Enquirer: 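Please find one structure pasted underneath; my questions will follow.
Note: hydrogens, waters and symmetry copies are ignored here, and every other heavy atom, side chains too, is used. In what follows, chains carry the letters A, B, and so on, assigned in the order in which the sequence lines appear, proteins first and then strands, with residues in each chain numbered from 1. Everything numeric here is computed off the predicted structure, so don't read it as measured data.
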Number of protein chains: 2
Amino acid sequence: MDLNHYREEDKVLLAVDCIIFGFDKHHLRILLIKRNFEPESGKWSLIGGFMKREEDLDQAAVRVLEALTGLRDIYMEQLQAYSKVDRDPGERTISVAYYALIDVDSHQFDGPRLETAQWFKLSEAPDLIFDHNDMVEKAVARLRRRALKRPIGFELLPEKFTMRQLQTLYESILDKKLDKRNFVNKINSLDVLIKLDEKDMTVARKGAYLYTFDKEKYDRKVAEEGFNFKI
Amino acid sequence: MDLNHYREEDKVLLAVDCIIFGFDKHHLRILLIKRNFEPESGKWSLIGGFMKREEDLDQAAVRVLEALTGLRDIYMEQLQAYSKVDRDPGERTISVAYYALIDVDSHQFDGPRLETAQWFKLSEAPDLIFDHNDMVEKAVARLRRRALKRPIGFELLPEKFTMRQLQTLYESILDKKLDKRNFVNKINSLDVLIKLDEKDMTVARKGAYLYTFDKEKYDRKVAEEGFNFKI
DNA sequence: ACACATAAGTGTTTTTTGTACATTTCTAAG
DNA sequence: CTTAGAAATGTACAAAAAACACTTATGTGT
C-alpha cells in the first residue's frame, strides 16, 4: 500500500480458482471442469470465477464453487496468487488459488454445469489451461505437508471409516506405501479416534472395525499446540 | 477463471506489501515505513505499492521495495492475498503480502524515502495500519516453519559468520534458547558449512571461528530432498 | 460341516534422533 | 603472569521412528 493517489488505470480483474481434492476410499482425486467458453473452450480447467466488488476472495471461492458444482459448506483455504502478465490470453487477470478437501461419496453435484465437472485420479488428470497445472502442483505439495502435521481425514473421509481407508488416504497423499502396524500405532498414539462397535463387512470376510474422529479431543489437542504427525 | 464474459465493473486495485525481516547479529528485525500520505498518514506500515498493468506481482514487490528503500537483489516470496472488503478505507484494494530475509548490516538504504524507513526489533514493532499486523504475524509463522525445515542464514547472515551468530539467529526466530552443544552438533551433522581458518576476534578474547555456507553442497542436498532441521 | 481364502488385527526389537549436561581452551587486557 | 570471558567440545540417556511376521475371524465354495 503506497503511492500518493490510487490510480484508476491499474485496476485488474481478480479471479479465484479452486483445487478440490476428493477421496473415494481408494484414490485421491481432483475435480475438474470442461470449459464451454472462450478462451480455451473444450479444455479442462479448475473451477473458477471472478471476485465481485462486494465480496472478499474467500467468499468468492465459496460462491464460485457452489455455483458450478452445488457443493456447499466446504472448507477452503487460500494457496497463493498467480499473476503472470500473459497467464490469461483473454485479458489481464490475476487469479488466487484456493484448495479444499472433501469426501467424494458424501457430496453430490447438482450445479448447473454438473455434466461438465468430473473427478480425476490425481495421477491421471489431464493437462489444464493457463497456469492451472502449477496451481495443482503447489496444492498437492501443501496437502502433503499438511498431512504430515495433522491428521486430515475429517474432510476427506466419511463420518465412519476403517483404519485401512485412513491408511490408503495417507498413502495416496504421500504417494508411498506405509507399514500397517506402524501406521496403526501412530494413529492410536494420537488418541483422536473413537473405535466403534460396528464393523464394515464389505471389505473383508472378517470385517473391519469402523472409527470416527473424536472432534472434541482433536480440537483440544490442536489448541494445546501439540501435534506432530510424521509418518 | 469462469463466467462467459470478462466484466469491466469488477476490476480492483492490486497492491503488494513487503514484510522485510532483517538480522543485525543480535536481533531479528522488521523494516517499517512511516506513511506521509492519506489515509492513515503518520502511522507505521509495511512497505507497499500498487501493481502495474505491465508487471506481475513478484516484479511489483521487487520494484516497490527498491523504490522505497534502495534495496536491490532481494529474494522475496509470496505469502498470500488479503482481500477483506473494508481493509483499506480509501478504496477497495486487494493486497498480496511478500516477505524477504536480509542481513541488516550488508544492505544500505538509499531510497528516496530513506528517512522514514526504520528497523524495529520484532518484539518492539509498533501497531501497523490496515491488516498489516496480520500479515506480519503470518510471515513470522512462515519464517519459523521454514527455519525448522532448512538452514536459513544464507539470506539473513553476512557471507562469513560465527556459529554463535547462527545460533542467535535461530534463537530469535524460534524465540527460545537453544543448547549450544546440541546446536553445533546438529548444524555439523547437516554438513553444509565450511569452517574457515579465519577468526572473528571481536566477539571474544579467544576469538570465534568464521563459517560460510557451502552453497553447492546445500543445493545438492535440497535437491536430493533430504533436509530436516528440527532443532 | 469343513477346509480355504482373504484381509484384519496385533507387539517387539533395533535404529535413529533428540535432549540434557560440565569442563577445558584460548587470548587480550590489566 | 594472572585473570576474565566466551569458545570449543563429547557422552550418556530418553524418545521416536522403522523394521519386521504371525494369528484371527468369517464368508465362500466344496
Enquirer: Of B:R181 and B:T162, whose nearest nucleotide on DNA chain D comes first from the 5' end?
Expert: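 Nearest-nucleotide comparison on DNA chain D picks B:T162.
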Enquirer: Between the base of D:dA7 and the side chain of B:K206, is there a donor and acceptor pair under 3.5 angstrom?
Expert: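 Indeed there is one.
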Enquirer: State, yes or no, whether a side-chain contact exists between A:L32 and A:I47 at a heavy-atom distance under 4.5 Å.
Expert: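 Sidechains of A:I47 and A:L32: no contact.
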Enquirer: State whether a side-chain donor-acceptor pair under 3.5 Å links A:T162 with A:D200.
Expert: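 No pair is found: no donor N or O on one side chain lies under 3.5 Å from an acceptor on the other.
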Enquirer: For the ring pair B:F23 and B:F161, is the centre-to-centre distance below 6.0 Å?
Expert: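 Aromatic pair excluded; centres sit 6.0 Å or further apart.
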Enquirer: Give the rounded distance in Å between these two atoms: CG of A:D197 and P of C:dG9.
Expert: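 Value for this atom pair: 13 Å.
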Enquirer: Regarding A:K180 and A:Q167, do their side chains bring together a donor and an acceptor under 3.5 Å, going by distance alone?
Expert: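 On atom types as modelled, these side chains do not qualify, holding no pair under 3.5 Å.
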Enquirer: Would you indicate what B:M163 reaches in the nucleic acid, counting non-hydrogen atoms under 4.0 angstrom: base, sugar-phosphate, or nothing?
Expert: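 Counting heavy atoms under 4.0 Å across all strands, no contact is made by B:M163.
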Enquirer: Could you state the atom-to-atom distance from CD of B:Q167 to P of D:dA6 in whole Å?
Expert: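 Atom CD in B:Q167 sits about 14 Å away from atom P in D:dA6.
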Enquirer: Quickly work out the A:N188 CG to C:dG9 C1' distance and round it to whole Å.
Expert: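 Rounded to whole Å, this separation is 11 Å.
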Enquirer: Side chains of B:Y75 and B:E77: do they bring a donor and an acceptor to under 3.5 Å?
Expert: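 There is such a pair between these side chains.
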Enquirer: Could you tell me how far apart A:K180 (NZ) and D:dT24 (C1') are, to the nearest whole angstrom?
Expert: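 A:K180 atom NZ is separated from D:dT24 atom C1' by 11 Å.
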Enquirer: Roughly, in whole Å, what's the span from NZ in B:K195 to P in D:dA8?
Expert: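 Rounded to whole Å, this separation is 6 Å.
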Enquirer: Could you check which of D:dA7, C:dA8, C:dC21 has an atom nearest any side-chain atom of B:V203?
Expert: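 My answer, after comparing the listed nucleotides, is D:dA7.
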Enquirer: Look at the rings of A:F183 and A:Y170 and say which category their plane angle falls in: under 30° parallel, 30 to 60° tilted, over 60° perpendicular.
Expert: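 A:F183 vs A:Y170 ring planes: tilted.
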Enquirer: To the nearest Å, give me how far apart CZ (B:F183) and P (D:dA8) are.
Expert: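 Between P of D:dA8 and CZ of B:F183: 13 Å.
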Enquirer: Using the ring of A:Y211 (Phe, Tyr or Trp, six-membered ring only), decide whether A:K195 places NZ or CZ under 6.0 Å from its centre and within 45 degrees of its axis.
Expert: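 No, a cation-pi geometry is absent between A:K195 and A:Y211.
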Enquirer: Which pairs, protein N/O on one side and nucleotides 12-14 of chain C N/O on the other, fall under 3.5 Å?
Expert:
none

Enquirer: Please determine whether a side-chain nitrogen or oxygen atom of A:K176 lies at a distance below 4.0 Å from atom OP1 or OP2 of D:dA18.
Expert: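 False: A:K176 side-chain N/O out of range (4.0 Å or more) of D:dA18 OP1/OP2.
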Enquirer: Write down the distance between NZ (A:K186) and P (C:dG9), rounded to a whole number of angstrom.
Expert: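 In whole Å, C:dG9 P and A:K186 NZ are 20 Å from each other.
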Enquirer: For the pair made of CG in B:L166 and P in D:dA7, what is the distance, rounded to whole Å?
Expert: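 Nearest whole value for this atom pair: 13 Å.
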